[in-house]
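One structure below.
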Amino acid sequence: MSRPVAISEGIYWVGSVDWNIRHFHGSAFSTHRGTTYNAYLIIDEKIALVDTVYGPFAEELIAKLKDLLGSRKIDYLIINHTETDHSGAFPAMRNLYPEAKVVCTQRGLEGLQAHYGAEFDCTVVKTGDTIRLGRRSLTFIEAPMLHWPDSMFTYIPEEALLLPNDAFGQHLASSGRFDDEVDGAVLLDEAAKYYANILMPFSRLITNKLEEIKKMGLNIKMIAPSHGIIWRQNPGRIVEAYARWAEGKGVAKAIIAYDTMWQSTKKMAYALLDGLIAGGVEVKLFKLSVSDRSDIIKEVLEARALMVGSPTINNDILPTVSPLLDELVGLRPGNKKLGLAFGSYGWGGGAQKIIEERLKAAKVSLIEAGLAVKWVPTASDLERCFQVGREIAAKIKD
Ligand code: FEO
């Protein structure tokens, strides 16, 4: 079991490291590197616990609190977000500290009552509300739909410390608790995967929230999210990355995601790949039956073009292709990304139209009519795919 870690004088990480979780949100999000559930204890004249941990880790949280507090009690239990990976230990905290005042947004209160049922003394807060603990104070900033209606950030001005719950987090289990203690490339990779798979639909709200925080003039020297590491060395790095991801412009990079029955659609995918490479852009190619969907979505985040391929089968697309398109419809990568459908067919065809409809529903802008080839691509069909790859490369380099 992990031990408490001081992140500032009198402020402790009291979370848990979940080394072995490999799927999050049911099976929607692959977590190859595990995760953490971060909770923070502020010990002042009054004591506040900001967020809890996932329910199966409640005993770890209790042990850390007893270690740090002995017989002292928590005065405030701040619930930034009621999703159960953070509020799961709420009932255990209520049992241990029945006198603690619960602090959350109005939607947070509704969420707690829906999940845990009980009546309790609760202070509902709005943006700008403050609780003084002693030398330090807590200021609350509502962050609705980042990523639930109840979400809020807690800010400690005397420490220039922002506790934004899911925002700026990563699913990354590690022995180090801080950004200067882990590989920076891995860290940004996991932060991008987290943003793409959870926050991408809320990009416009993120842009607005970053602007709002800028206008509030908050001094932020440390960002301590509720998953992964704490940004203490360079919090600006993740704020800049969020601004870039939320803008959605991406870089000169293309994604090809396809599946194939008898290699015809594969040949088209590789001809597109060659054309894009010849056009001088970065490309990543994924065969969907052997690729991780959450990893592909992470790559889509910074790509400017997305090509999806499937042969027609039973007037439809291959069942291995549907889940990516279904998820993209929910995640809405946005109309700054260009899309193309391609694939082979035997007699009736139709897969390209289905892919195009799904890409349009995901708000992706179609580059041109899909590439469809009957039975087996000829040399001239493959040359056409190659040229389309080159044309797309030219478009996304501009
Ligand atoms: Fe990490 Fe929205 O919970």
Side-chain angles (χ1 to χ4, degrees), residues 2 13-40 49-58 60-61 77-93 102-116 140-154 162-174 177 187 190-203 205-206 209 223-231 238 242 245-246 294 297-298 327 330-332:
S2 52
W13 173 87
V14 289
S16 289
V17 181
D18 191 345
W19 293 96
N20 296 312
I21 187 170
R22 289 295 175 267
H23 293 100
F24 193 81
H25 278 171
S27 61
F29 189 156
S30 63
T31 48
H32 309 312
R33 295 186 173 106
T35 194
T36 73
Y37 313 106
N38 299 338
Y40 299 97
L49 176 66
V50 179
D51 291 317
T52 75
V53 294
Y54 183 35
F57 294 84
E60 286 194 21
L61 176 59
L77 178 51
I78 315 296
I79 301 294
N80 276 330
H81 176 34
T82 57
E83 194 164 9
T84 50
D85 50 331
H86 307 295
S87 71
F90 177 77
M93 292 298 100
V102 178
V103 178
C104 60
T105 61
Q106 178 60 40
R107 301 301 288 272
L109 176 58
E110 291 161 20
L112 287 173
Q113 286 172 339
H115 282 87
Y116 306 110
F140 305 103
I141 303 164
E142 293 168 279
M145 297 317 297
L146 297 178
H147 68 120
W148 273 18
D150 61 0
S151 299
M152 73 169 183
F153 301 168
T154 298
L162 184 68
L163 307 172
N165 195 265
D166 279 328
F168 310 118
Q170 339 84 46
H171 285 314
L172 177 61
S174 57
R177 297 272 60 79
L187 179 52
E190 288 297 342
K193 185 172 174 179
Y194 190 95
Y195 185 102
N197 283 275
I198 292 184
L199 296 170
M200 192 152 63
F202 311 112
S203 287
L205 296 176
I206 287 171
K209 186 57 63 180
I223 298 176
S226 290
H227 294 293
I229 63 79
I230 296 161
W231 305 88
I238 190 62
Y242 264 51
W245 295 332
S294 307
I297 288 166
K298 175 196 71 185
E327 198 153 3
L331 291 170
R332 300 192 302 276

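Values in this document were obtained by computation on a predicted structure and should not be read as measured data. Just follow the structure's listing: the first ligand is 1, and inside any ligand the first atom is 1.
- Using modelled atom types and a 3.5 Å distance limit, the side chains of Asp150 and Thr105 yield no donor-acceptor pair.
- The atom name of the N/O/S atom in Asp85 closest to atom 1 (Fe) of ligand 1 is OD2.
- Geometry about atom 2 (Fe) of ligand 1 gives an angle of 100° between OE1 of Glu83 and NE2 of His81, rounded in steps of 10 degrees.
- Here the angle at atom 2 (Fe) of ligand 1 defined by OD2 in Asp166 and NE2 in His147 stands at 90°, rounded to 10 degrees.
- Inspection of the His227 and Asp85 side chains reveals an N or O donor paired with an N or O acceptor under 3.5 Å.
- Applying the side-chain hydrogen bond (donor to acceptor under 3.5 Å, both in side chains) test between Ser30 and each of His171, Lys193, Arg22, His23 identifies Lys193 as the sole match.
- Between the NE2 atom of His227 and the NE2 atom of His86, the angle taken at atom 1 (Fe) of ligand 1 works out to 90° after rounding to 10°.
- Under the 3.5 Å distance criterion, with hydrogens and angles disregarded, a donor-acceptor pair is assigned to the side chains of Ser87 and Tyr116.
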